[in-house]
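Below, each value reflects all heavy atoms present in this structure, side chains not excepted, and no hydrogens, waters or symmetry copies. Reminder, nothing fancy here: chain letters follow the sequence lines and each chain counts from 1. Since the model is a prediction, treat every value here as computed from it, not as a measurement.
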Amino acid sequence: MDVEALLDWYEWVRRPLPWRETRDPYALLVSEVMLQQTQALRVVPYYERWLSAFPTAASLAAAPTRDVLALWSGLGYNRRALALQRAAVFVSEHGWPSDLTELPGVGKYTAAAVSSFAWDRDMAAVDTNVRRVITRREGLDVDVDARADALLPRGRAAVFNQAMMELGATVCRPRVPDCARCPVERGCLRLVVAPARRVKKEKFEDTDRWARGRVVASLLAGEPFPLDGERLERALAGLERDGLIVRDSSGRPQLP
DNA sequence: AAAGCGTGGGC
DNA sequence: TGCCCAAGCTT
């Protein structure tokens, strides 16, 4: 793949997003955790609000978890907010670990993204978009992580990672790739893999996932739970196990 | 290692 | 309206 052509293309199409204007590892970690399974444009206002309220890892670490969940509300996956705060506690106590996957809620992708953006470490951030770009080009059996690492131009990991992700998100899209606009189409196999058939048909409102979300939202709003009985108990048990709620002295569930 | 974990926008 | 999605991580 012509990496130079990719980087030239990226300079041209680059969109201004607030987290692209910082090299603060804390701010970058906030953005990466928010972006996990959430569209970038929806994250923007949350990111800006969050950094106003919790400008540093120490301030996030010291905040009441209830306030943290309140500011997260609307982004989904509440336990990620919890993990982010726990990561902030770790950082404010021990500093940044050299291996960011030691932080709760940080896996291989997020560690590589933050390390390259903040510190220019030569680590390839392989997300779902990058995975698709590489397998589409080179075949389903390719070792994606090894290929991404081989392509990465040393000393320029940050722009390379962003360019690869942007290519996957806007040109090398899942169902209908726009090969006519691709800056690196030469030598590409152009594989398009049919999505796996969905099996589940259960209504979302019937799932534990929905119940858990409603319980947390109700506690934040100070409103009664919109469910009861065994479903409520199962949701509460799961939330308590994840540390998203605690029981007060009378056994009443509340936010931590 | 498959399954669980939320939400609001777009069509 | 209802269905699908969108920068993963954990157990």
Side-chain angles (χ1 to χ4, degrees), chain A residues 10 14-15 17-20 27-47 69-84 86-87 99-117 123-134 144-145 148 157-170 172-176 194-221 226-227 234-235 237-245:
Chain A
Y10 180 66
R14 176 191 190 94
R15 294 173 296 169
L17 291 168
W19 45 86
R20 291 186 175 157
L28 289 163
L29 179 61
V30 170
S31 73
E32 288 302 334
V33 173
M34 287 184 169
L35 285 165
Q36 290 171 8
Q37 310 288 284
T38 306
Q39 308 206 16
L41 290 181
R42 220 158 73 67
V43 166
V44 171
Y46 288 89
Y47 172 84
L69 291 173
L71 229 57
W72 186 269
S73 184
L75 271 182
Y77 290 129
N78 294 309
R79 45 182 200 191
R80 290 184 177 169
L82 215 52
L84 184 54
R86 289 171 177 162
D99 176 4
L100 296 188
T101 64
E102 290 176 18
L103 300 174
V106 177
K108 193 171 180 183
Y109 160 75
T110 302
V114 173
S115 298
S116 63
F117 299 156
M123 298 171 69
V126 178
D127 73 338
T128 179
N129 289 312
V130 175
R131 186 163 302 284
R132 182 177 57 257
V133 169
I134 291 180
V144 173
D145 294 289
V159 64
F160 171 78
N161 284 334
Q162 294 191 15
M164 287 289 279
M165 289 191 278
E166 190 74 7
L167 182 68
T170 64
C172 198
R173 299 166 304 203
R175 311 293 292 275
V176 189
R197 294 297 304 165
R198 293 193 59 78
V199 183
K200 298 194 78 166
K201 326 187 154 182
E202 186 182 18
K203 280 191 302 185
F204 186 66
E205 288 74 13
D206 294 333
T207 63
D208 287 350
R209 205 147 153 176
W210 177 85
R212 291 171 50 118
R214 290 309 91 207
V215 166
V216 171
S218 300
L219 288 169
L220 282 169
L227 68 163
R234 195 166 57 245
L239 289 168
E240 191 174 7
R241 176 174 42 74
D242 289 346
L244 280 162
I245 62 170

In terms of the nearest nucleotide of DNA chain C, which residue is placed more toward the 5' end: A:Phe117 or A:Pro104?
-> A:Phe117

Hey, mind stepping through A:Val130 and A:Asn161 against side chain to side chain contact (heavy atoms under 4.5 Å, CB included) and telling me if it holds?
-> CA-CA 8 Å; A:Val130 175; A:Asn161 284 334; over 6 Å; no

Distance, C1' atom - from B:dA2 to C:dA7, rounded to whole angstrom = 23 Å

Taking the same atom, P, in C:dT11 and in B:dG6, what whole-Å distance lies between them?
-> 14 Å

Which nucleotide, C:dA7, C:dG8, B:dG6, lies nearest any side-chain atom of A:Thr110?
-> C:dG8

Closest approach of A:Cys172 and A:Arg132, non-hydrogen atoms and distance?
-> O-NE, 2.7 Å

Which part of the nucleic acid does A:Val130 contact within heavy-atom distance under 4.0 Å: base, sugar-phosphate only, or nothing?
-> nothing

Give the rounded distance in Å between these two atoms: CZ of A:Arg241 and C1' of B:dG4.
-> 9 Å

Please report the C-alpha distance between A:Asp145 and A:Arg131 in whole Å, then the side-chain angles of each, then the deciding distance to 0.1 Å, and finally whether the side chain to side chain contact (heavy atoms under 4.5 Å, CB included) criterion is met.
-> CA-CA 8 Å; A:Asp145 294 289; A:Arg131 186 163 302 284; 4.0 Å; yes

Could you tell me whether the phosphate oxygens of C:dA7, OP1 or OP2, come under 4.0 Å of any side-chain nitrogen or oxygen in A:Thr38?
-> no

Using atom OH of A:Tyr77 as one end and atom P of C:dA7 as the other, report the distance to the nearest whole Å.
-> 13 Å

Give the rounded distance in Å between these two atoms: OH of A:Tyr47 and C1' of C:dA6.
-> 19 Å

Which of C:dC5, B:dG6, C:dA7 is nearest the side chain of A:Gln39? It is C:dC5

A:Leu220 CG to B:dT7 P: how many Å, rounded?
-> 10 Å

Between A:Ser31 and A:Leu103, which has a closest nucleotide on DNA chain C that is more 5'?
-> A:Ser31

Atom-to-atom span, CG of A:Leu41 to P of C:dC5 - whole angstrom | 19 Å

For C:dC9, take OP1 and OP2 only and decide whether either is under 4.0 Å from a side-chain N or O of A:Arg79.
-> no

Indicate, yes or no, whether a donor-acceptor pair under 3.5 Å links the base of C:dG8 to the side chain of A:Arg80.
-> yes

Could you tell me whether A:Asp242 contacts a base, only the sugar-phosphate backbone, or nothing, with contacts defined as non-hydrogen atoms closer than 4.0 Å?
-> nothing

Give me the one residue out of A:Val30, A:Leu29, A:Val43 that meets side chain to side chain contact (heavy atoms under 4.5 Å, CB included) with A:Trp19.
-> A:Val43

Heavy-atom donor-acceptor pair, A:Arg209 side-chain to B:dG6 base, under 3.5 Å | yes

What pairs with A:Tyr77 under side chain to side chain donor-acceptor pair (under 3.5 Å), at least two apart in sequence or on another chain?
-> A:Arg209

Roughly how many Å is it from CD in A:Glu32 to P in C:dC9, rounded to a whole number?
-> 9 Å

Hey, does the side chain of A:Ser31 reach the backbone of A:Leu28 with a donor-acceptor pair shorter than 3.5 angstrom?
-> yes

Counting heavy atoms from C-beta on, name the nucleotide in C:dA6, C:dC9, B:dT7 closest to the side chain of A:Arg214.
-> B:dT7

In whole angstroms, how far is the P atom of C:dA6 from the CZ atom of A:Arg175?
-> 10 Å

Length of the line joining A:Glu166:CD and C:dA6:C1', which is rounded to integer Å = 14 Å

If you look at every strand shown and take non-hydrogen atoms under 4.0 Å, does A:Trp72 touch a base, only sugar-phosphate, or nothing?
-> nothing

